[in-house]
Amino acid sequence: MISRQILTFGVVGAVNTAAYYLLYLLFLTWLPYLAAHTLAFVLSMVGSFFLNARFTYRTRPTWRKFVLFPLTNVTNFVITTATVYVMVDLLRTSSRFAPLLASAAAIPVTFLVSRRIMLPRRSPGTIA
């Protein structure tokens, strides 16, 4: 079961990353890169919640999960934002490509935390 979740999480992540990147490029036409990154990140996070609820974890989206889901992305946001900043301002990488590289660094942490939020806790003695 977890191998299916990891695979599906990867596919959802690829779709979500593509959506994020297209939004980022769109917003980059009139916003500074960090503002474009933040807005694209928030919008893609909402999409990620619904895609992961439906396809990865096969669970009903609830308001409670929706409210908690952004917490799963706080680490992702910190990692990607710091990495984008370092790559663009310190390493002089193109602001057009830095977010793609930065996103890869946060994927494992995001999976583990989102799985914990989206799936019900198992009682002791329950077989996974």
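Along the sequence shown, residues carry numbers from 1.
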To the nearest 0.5 Å, what is the distance between CZ on F50 and CZ on F66? 5.5 Å
Nearest 0.5 angstrom please: T83 OG1 to L101 CG, how far? 9.5 Å
Assess the side chains of D89 and Y33: does a donor N or O sit below 3.5 Å from an acceptor N or O? yes
In terms of relative ring orientation, are F41 and Y20 parallel, tilted or perpendicular, with 30° and 60° separating the classes? perpendicular
Distance check, rounded to the nearest 0.5 Å: S103 atom OG versus I79 atom CD1? 10.5 Å
Evaluate the ring-ring contact (aromatic ring centres under 6.0 Å, His included) criterion for residues H37 and Y85: first the C-alpha distance (whole Å), next the side-chain angles of each, then the deciding distance (0.1 Å), finally the verdict. CA-CA 11 Å; H37 164 69; Y85 172 78; over 10 Å; no
Kindly compute the distance separating OG1 (T56) from CD1 (I6), expressed to the nearest 0.5 Å. 11.0 Å
Please check this pair: side chain of K65 against backbone of T59, looking for a donor-acceptor N/O pair closer than 3.5 Å. no
Would you compute the distance between atom CG of L43 and atom OG1 of T38 and round it to the nearest 0.5 angstrom? 11.0 Å
How far does CG of L100 sit from OG1 of T80, to the nearest 0.5 angstrom? 11.5 Å
Does any N or O in the side chain of S114 come within less than 3.5 Å of the main-chain N or O of F111, such that one atom is a donor and the other an acceptor? yes
Under the 3.5 angstrom rule, does the side chain of Y24 hit a backbone N or O of A19 as a donor-acceptor pair? no
